[in-house]
Amino acid sequence: MKRIGILTSGGDAPGMNAAVRAVTKTAIHHGLEVFGIRYGFAGLVAGDFIPLTTADVDHKINLGGTFLYSARFPEFAQEEVQKKGAEQLRKHGIDAVIVIGGDGSYHGALALTRLGINSIGLPGTIDNDIPYTEYTIGYDTASTTAMDAIDKIRDTASSHHRVFIVNVMGRGCGDLAMRVGLASGADGIVIPERPYDVKKIAETLKHGFAEGKDHGIVVVAEGVMTAEEFREELLKYGDFDARANVLAHMQRGGSPTVEDRVNATKMGNYAVNLLLNGKGGLAVGMEHGELNTHDILDLFEAKHQGDFTLLDVNDEMTKLD
Ligand SMILES: Nc1ncnc2c1ncn2[C@@H]1O[C@H](COP(=O)(O)OP(=O)(O)O)[C@@H](O)[C@H]1O
Ligand SMILES: O=P(O)(O)OC[C@H]1O[C@](O)(COP(=O)(O)O)[C@@H](O)[C@@H]1O
Ligand SMILES: [Mg+2]
């Protein structure tokens, strides 16, 4: 193996640049050449490759987004398109690829491995929805950004004795909502994986106001319903002065936190060492704070297990009986 490629795919996530930096610096340290593949699998098929030197990644660890750009390119699910991608890599002498992305991107990484290009997947998504890992690159920054936004919302909510229903991202996964909800002292947290009870949340909010609390916060995962839909349901159980707020893509931006920079760096370094040991078709994850690997194929049959104790803690604190 002489030359490796690296790409970022799917929704961008803070810390992707830190991972690209770690891959580049580790690979160059081991005498490899590194090519950045721009725009995810779309750029792979188009041959949009740029050589990366250590100087190219010297000022990237602190940057949000992905300087290699990202893309959603559903065509890569087709075998003939995957073959074109593998041909581009061979044409450029690239023997192996590191793919930073979410569950969708891992399908692409596995396809390349099957076509003879060893590929390793790094979990890059704010959703934290990947099986066999408790952590994905970007999850911590997105949680922190959403928490900071809700702190600001709380100021105005308190001034007007209002309830705010806040939508956070996460597609079908409630991890972001649970973490942000607990960190923001939410009166209610609504996630797709567990049943929710609007009446109970309304009672908690009423009890809070009766006890002298001057605001209410309910965090609703986007995969359940919109904040506005939840607001309408809530109003059936009380005469609240309630507003709906959707945090949306602001959660994906910003400079990565310490946790995201450190983990992205460890994972990028680990991925290069896996390739140097001739491995491919593996996904890197983290369990109990330790890096691990699983066959990508196994991930497709598994479901991410969130830390539902976060919800249990909040439920216990907001329970009225
Ligand atoms: N079944 C698949 N086979 C090959 N490539 C895929 C497949 N599904 C997704 N991809 C590639 O991965 C990209 C990112 O997937 P997506 O689900 O949008 O985001 P994420 O990887 O962050 O979950 C897609 O746009 C496509 O290029
Ligand atoms: O950027 P888009 O295309 O609007 O997609 C929004 C979706 O992307 C995410 O921000 C990240 O998802 P992925 O990491 O799977 O791409 C989700 O939380 C959200 O539902
Ligand atoms: Mg995804």
Side-chain angles (χ1 to χ4, degrees), residues 7-16 19 37-46 48 64-66 68-86 88 97-115 117 119-131 133 135-143 145-146 166-180 191-192 219-227 246-254 260 264 281 283-285 296-297 299-304 306:
L7 64 84
T8 52
S9 167
D12 62 339
M16 281 182 163
I37 301 163
R38 304 199 309 166
Y39 302 100
F41 293 108
L44 172 67
V45 173
D48 190 348
T66 163
L68 290 180
Y69 305 112
S70 192
R72 298 204 198 271
F73 180 60
E75 293 86 340
F76 204 68
Q78 299 161 28
E79 209 182 322
E80 61 275 26
V81 181
Q82 294 165 1
K83 282 183 179 158
K84 273 190 203 159
Q88 285 284 17
V97 172
I98 292 171
V99 172
I100 310 174
D103 45 355
S105 304
Y106 281 5
H107 281 93
L110 184 61
L112 289 176
T113 305
R114 286 177 169 160
L115 290 167
I117 309 281
S119 299
I120 302 289
L122 293 188
T125 169
I126 66 161
D127 291 0
N128 209 46
D129 60 350
I130 299 183
T133 187
Y135 162 85
T136 58
I137 296 167
Y139 176 50
D140 188 58
T141 308
S143 312
T145 301
V166 184
N167 256 154
V168 300
M169 276 186 165
R171 281 190 210 261
C173 181
D175 282 25
L176 203 52
M178 284 193 287
R179 197 166 193 231
V180 170
I191 61 167
V219 173
V220 179
E222 64 172 358
V224 182
M225 65 175 94
T226 65
V246 181
L247 295 182
H249 293 80
M250 67 168 304
Q251 292 161 96
R252 290 229 301 255
D260 280 333
V284 174
I296 292 180
L297 198 58
L299 265 65
F300 300 149
E301 274 139 40
K303 194 175 159 17
H304 170 76

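We count ligands from 1, going down the list as the structure has it; atoms in each ligand are counted the same way. All values derive from a computational prediction rather than experimental measurement.
- Among all non-hydrogen protein atoms, the one lying nearest atom 18 (O) of ligand 1 is R72 NH1, 2.8 Å.
- In this structure, I130 and H304 approach most closely via the heavy-atom pair O-ND1, 2.8 Å.
- Nearest protein heavy-atom contact of atom 21 (O) of ligand 1 is S105 OG, 2.5 Å.
- Looking only at distances, a side-chain donor or acceptor of N167 sits under 3.5 Å from a matching main-chain atom of A227.
- Nearest to atom 4 (O) of ligand 2 by heavy atom, out of H249, E222, M169, is H249.
- Considering both main-chain and side-chain atoms, R252 comes within under 3.5 Å of ligand 2 through a nitrogen or oxygen pair.
- Of all the heavy atoms in M16 and S9, the pair that sits closest is CE-O, 4.0 Å.
- Looking at G124, G108, G102, A42 and measuring to atom 20 (P) of ligand 1, the nearest heavy atom belongs to G102.
- For Y135, the ring-ring contact (aromatic ring centres under 6.0 Å, His included) criterion is met by no residue, not counting sequence neighbours.
- Contacts between E75 and ligand 1, counted as non-hydrogen atom pairs separated by less than 4.0 Å, are absent for every part of the residue.
- Every N/O-N/O distance between G124 and ligand 2 stays at or above 3.5 Å.
- In F41, the part holding a heavy atom less than 4.0 Å from any atom of ligand 1 is the side chain.
- Closest of all the heavy-atom pairs between F76 and F41 is CE2-CD2, 3.3 Å.
- At least one heavy atom of G11 sits closer than 4.0 Å to an atom of ligand 1.
- Within a radius of less than 2.8 Å around the Mg ion (ligand 3), the protein N, O or S atoms are D103 OD1.
- We find that K83 and E79 are joined by a salt bridge, their nearest charged nitrogen and carboxylate oxygen being less than 4.0 Å apart.
- A side chain to side chain contact (heavy atoms under 4.5 Å, CB included) with M178 is found for exactly one of N128, V168, I191, namely I191.
- Across L68, V99, I98, I100, a single residue satisfies side chain to side chain contact (heavy atoms under 4.5 Å, CB included) together with L7, and that is V99.
- At least one heavy atom of S9 lies less than 4.0 angstrom from ligand 1.
- No side-chain heavy atom of L299 sits less than 4.5 Å from a side-chain heavy atom of D103.
- Below 3.5 Å of separation, one finds an N or O of R72 facing an N or O of ligand 2.
- Under 4.0 Å from ligand 1, heavy atoms of D103 appear from its side chain as well as its backbone.
- Nearest to atom 18 (O) of ligand 2 by heavy atom, out of D127, T125, I126, is D127.
- Polar contact with ligand 2: present for G170 (N/O pair, distance under 3.5 Å).
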